[in-house]
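Before any comments, here is the structure.
Below, read A as the first sequence line, B as the second, and so on, with proteins coming before strands; counting in each chain starts at 1.
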2 protein chains.
Amino acid sequence: MARRRQAVTIKHVAADAGVSLQTVSRVINNGPNVRPEMKERVQASIDKLGYVPSIAAQRMSGSRSYLILALNDRDKTIAEWRGRSGTDWVDQMLLGGMLTCAEYGYRMMVELVDTHSDHVERELSATIAALQPDGVILTPPHSENPLISGFLAKKNIPFARIGSLEPGPGLRLTMDDEHSAGMATEHLLGLGHTRIGLIAGPEEYSLSGWRIEGWTNAMKAAGLAVDGLCERGDFGFESGLQAARKLLDREDRVTAIVASSDQMALATLEVASDLGLAVPDDLSVVSFDNTPVVRFTHPPLTAVDQPVAETISQAVKLLIGPDRKPLPTEPINVAGKMVMRSSTAPPRVRSLD
Amino acid sequence: MARRRQAVTIKHVAADAGVSLQTVSRVINNGPNVRPEMKERVQASIDKLGYVPSIAAQRMSGSRSYLILALNDRDKTIAEWRGRSGTDWVDQMLLGGMLTCAEYGYRMMVELVDTHSDHVERELSATIAALQPDGVILTPPHSENPLISGFLAKKNIPFARIGSLEPGPGLRLTMDDEHSAGMATEHLLGLGHTRIGLIAGPEEYSLSGWRIEGWTNAMKAAGLAVDGLCERGDFGFESGLQAARKLLDREDRVTAIVASSDQMALATLEVASDLGLAVPDDLSVVSFDNTPVVRFTHPPLTAVDQPVAETISQAVKLLIGPDRKPLPTEPINVAGKMVMRSSTAPPRVRSLD
DNA sequence: TGCACAAACGATTGCGCTTACGCGTTACGC
DNA sequence: GCGTAACGCGTAAGCGCAATCGTTTGTGCA
């Protein structure tokens, strides 16, 4: 196979426009010191020849790579692809990230890294060295991994941590989990529920804590107790079954449950069905994530929509930035919103305690 | 911001191992004419320094880019991300493609292109020029677009067309739609159904035709008529509603339906529910795709699992290839398999005609 | 022992682009 | 009117790597 060369290079454009390479380069990069008519002439040649700069060459000469790297946990991702995870992170990352990158002439690449591996840094280092991205986006649990944050900070690569409020380097963007959980709880309180359970996420995720916080605050503000009403899961279906059983398979069961992921909400539905509890009459369920699946359950789930795509889009914009000004160190919150469906209703029997 | 340079380059490795750049290069690329002990020495330096070649530089010097481009239709993809499409192509492409790429030291990038736009070729050309991938994977409907195939063939870039049997250049891999549809139909025939409807895909997709073929052949082999039992949809939910209504909202309704996508099967469930038909007692439903959602419907759907991931994985392997031998011109079939759930059962009343 | 020939490695070149720098031109101050 | 500065453009160097060619060393055979 013949060695493949770039069809039309900057050289061809320069020749066609009758200018130097440098001038063409300036036009491409919106550089200063180019007269409008010159710029126009060069642009005409670019359009005429259909010239597109090779990102490889651009990277080589020490400039930007026009590449944003989205880092996801490998196991989490594969679980997601197999349909066994709650959040569709990859889809949403691409939806928010890729389209926004495209707007700015950037590309987005997804790479998988094992967070818990003991050679994360090695693996990451290799990926960075090979790809040399202009920015990196970290999703949970990577966004809470100090090894990863530390490495990127040391390498001076701009990066965004999604869904983590943990202090440390890098841009932080969250989906305001405390507020979202509060919102879900208040919705149920408004319907008249007083025993509202929470299926929280695992401790490794700081967002789990924030959701507990939001739920607790809402309950306390209504003068209600929270003891024994919170169980933990790992966002997966199986763990949801166990947590839901603990909350439901007893006399003083809850009349409503806020689940921290769609899969755990699905599991809650399953347990309710096993126990002969009707949803929403005997049990109201609010889910987190609002992935496509919750529209097709029985009944369709009221859910907190996590604006993952918007958040990633924000991150990309800040990472790319028109100029390379320093990134905000304060966390940025993107508000979630509730999507009402038919899994929530007033409790059948008002609890009298 | 300081201009970021590669931390450790081939030069450092060469210096550390006390050899020339070229020798290091040979070791990296498994080149010939290197003594084992020398190879070992260089490899030791590589490991010690944590050296990883820059793909940008590799591409620059005229060799491979170690990049596989996966091309998806933009509108289709966004519909998918929003949860409104049947197949989770992107997920499956990444699952099959990215992991396989990783095995071979390659990376996979997803890009979106409008198939129906009148400047497909321009858009594609720009992407290719910028990225210079070693191979391209085309999913439907791109895999049936002669403009795209023609362009890639002209540029001499190896590419795979997934899910298309249309003649033309490029590697062809399909999921044996004819066989799959036959399998689904035979399953229903085996349960005793005689009036089995098909909700086919749109005409633009040749796989729609193959599924009709498989279904027709199975029916005819059982001595049954197919007239008026086939409706078309566009794989989306809305179109499924219409098609299902045509098949069900009449006296001589079918007792079983094979739907060409999960979303259309979901719609069929909806229509059945509206008409007061119980699934599977009054109506059996078999779905195509087997995306995660069908495990959570009522009842969970029996489905034909489309081995998209395996197919893409195959494509990647052939595209990369140990050597650049010519790609097979005959289509390669990857067999789907049926996943039994509870949406199929023998018909309640045996039709007597 | 001599020669041909292959294997093993090194030196050089260039991929396409940006950055650094240099020189000529115009604008503006006193 | 001359100096300085800013602008507008060109020239040259080099990014990290693989391809090409050149040089040395080893091997087989007569």
Side-chain angles (χ1 to χ4, degrees), chain A residues 1-42 46 49 51-67 105 126 128-132 134 324, chain B residues 1-42 45-46 49 51-67 105 128-132 134 324:
Chain A
M1 164 151 331
R3 171 169 160 175
R4 213 162 50 233
R5 290 194 148 81
Q6 181 98 347
V8 35
T9 74
I10 197 171
K11 230 182 241 177
H12 301 113
V13 177
D16 184 83
V19 298
S20 73
L21 305 183
Q22 173 53 13
T23 305
V24 180
S25 176
R26 274 192 272 256
V27 171
I28 297 165
N29 301 295
N30 279 314
N33 305 344
V34 186
R35 275 178 314 168
E37 62 250 44
M38 175 61 89
K39 182 167 177 173
E40 206 169 311
R41 197 172 94 202
V42 173
I46 291 177
L49 301 176
Y51 167 71
V52 178
S54 149
I55 61 166
Q58 293 189 125
R59 169 74 278 182
M60 273 299 296
S61 55
S63 88
R64 291 182 281 185
S65 62
Y66 297 96
L67 234 185
I128 297 292
L131 260 27
Q132 295 167 234
D134 289 339
R324 295 298 199 83
Chain B
M1 164 152 328
R3 171 167 158 175
R4 212 162 49 234
R5 291 194 148 80
Q6 181 98 347
V8 35
T9 74
I10 198 171
K11 227 183 243 178
H12 301 114
V13 176
D16 184 85
V19 297
S20 74
L21 305 183
Q22 181 47 28
T23 303
V24 179
S25 176
R26 273 192 272 256
V27 171
I28 297 166
N29 300 294
N30 280 314
N33 305 343
V34 186
R35 275 179 313 169
E37 62 252 44
M38 174 61 90
K39 181 167 179 174
E40 207 168 313
R41 198 172 94 203
V42 173
S45 291
I46 290 176
L49 300 175
Y51 166 72
V52 177
S54 149
I55 61 166
Q58 287 182 314
R59 169 74 277 182
M60 273 303 294
S61 58
S63 86
R64 290 182 281 184
S65 63
Y66 295 95
L67 239 184
I128 297 292
L131 260 27
Q132 294 168 235
D134 289 340
R324 295 299 198 81

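A:P53 comes within contact range of the sugar-phosphate backbone alone, with a heavy-atom separation under 4.0 Å but no base atom that close. Contact annotation for B:S25: base contact, defined as any heavy-atom pair under 4.0 Å involving a base atom.
Between A:Y51 and C:dC17, a side-chain N or O to OP1/OP2 separation shorter than 4.0 Å is present.
Note: CG (B:L21) to C1' (C:dG14) measures 14 Å, nearest angstrom. Atom CG in A:N29 sits roughly 9 Å away from atom C1' in C:dC17 (whole-Å rounding). Counting to the nearest Å, the C1' atom of C:dC17 and the CG atom of A:N30 are 17 Å from each other. Rounded to whole Å, atom P of C:dA8 lies 5 Å from atom CG of B:N33. Atom C1' of nucleotide C:dC15 and atom CZ of A:R59 are separated by 17 Å, given to the nearest angstrom. Nucleotide C:dG16 holds its P atom 12 Å from the CE atom of A:M60, rounded to whole Å. For the pair A:Y66 OH and C:dG16 P, the computed distance is 18 Å after rounding to whole Å. The distance between atom NZ of B:K11 and atom C1' of D:dC15, rounded to the nearest whole Å, is 9 Å.
Atom OG in A:S54 sits 10.0 Å away from atom CE in A:M60 (nearest 0.5 Å). Here A:R41 contributes atom CZ and A:T23 contributes atom OG1; the two are 9.0 Å apart, rounded to the nearest 0.5 Å. Here CD1 of A:I28 is found 9.5 Å from CG of A:L21. Values are rounded to the nearest 0.5 Å.
The rotation axes computed at either terminus of the helix from C:dT1-D:dA30 to C:dC30-D:dG1 lie 30° apart, taking five pairs at each end and rounding to 10 degrees.
Residues passing the side chain to side chain contact (heavy atoms under 4.5 Å, CB included) test with A:V52, sequence neighbours excluded: B:A126, B:A129, B:A130. In terms of the ring-ring contact (aromatic ring centres under 6.0 Å, His included) criterion, residue partners of B:Y66 (sequence neighbours excluded) are, by chain and number, B:Y106.
Side-chain proximity of B:I28 to the nucleotides C:dT18, C:dC15, D:dA18 is greatest for D:dA18. Closest approach to the A:T9 side chain among C:dC17, D:dA18, D:dG16 is made by C:dC17 (side chain taken as heavy atoms from C-beta onward). Taking the side chain of A:I10 as heavy atoms from C-beta on, and the options D:dG10, D:dC17, C:dT18, the nearest nucleotide is C:dT18.
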Check your understanding: Would A:R59 and A:L131 count as a side chain to side chain contact (heavy atoms under 4.5 Å, CB included) if you check the C-alpha gap in whole Å, the side-chain angles of each, and the deciding distance to 0.1 Å?
Key -> CA-CA 9 Å; A:R59 169 74 278 182; A:L131 260 27; over 6 Å; no

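Nearest-nucleotide assignment on DNA chain D puts the 5′-proximal partner with A:T23, out of A:T23 and B:V52.
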Could you pull out every donor-acceptor pair under 3.5 Å between side chains of residues 33-40 of chain A and any protein atom, sequence neighbours left out?
from: A:K39; atom 1: NZ; to: A:N30; atom 2: OD1; distance (Å): 3.2

Only pairs under 3.5 Å count here: list side-chain donor-acceptor contacts from residues 8-16 of chain A, not counting sequence neighbours, and write none if there are none.
from: A:T9; atom 1: OG1; to: A:K11; atom 2: N; distance (Å): 3.1
from: A:T9; atom 1: OG1; to: A:H12; atom 2: ND1; distance (Å): 3.4
from: A:H12; atom 1: ND1; to: A:T9; atom 2: N; distance (Å): 2.7
from: A:D16; atom 1: OD1; to: A:K48; atom 2: NZ; distance (Å): 2.8
from: A:D16; atom 1: OD2; to: A:S45; atom 2: OG; distance (Å): 2.6
from: A:D16; atom 1: OD2; to: A:K48; atom 2: NZ; distance (Å): 3.4

Please tabulate the protein-to-nucleotide N/O contacts below 3.5 Å involving nucleotides 21-24 of chain C, giving atom names and distances.
none

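The stretch residues 34-42 of chain A comes close to DNA chain D through A:V34, A:R35, A:M38, each having a heavy atom under 4.0 Å from the strand. Contacts between residues 12-20 of chain B and DNA chain C, defined by a heavy-atom separation under 4.0 Å, are made by B:V19, B:S20.
Sorted by first and then second residue, the salt bridge (Lys or Arg N to Asp or Glu O under 4.0 Å) pairs with a member in residues 17-29 of chain A form an empty list; sequence neighbours excluded.
A side-chain contact (heavy atoms from CB on, under 4.5 Å) with B:Q58 is found for one member of B:S25, B:S65, B:P53 and no other, namely B:P53.
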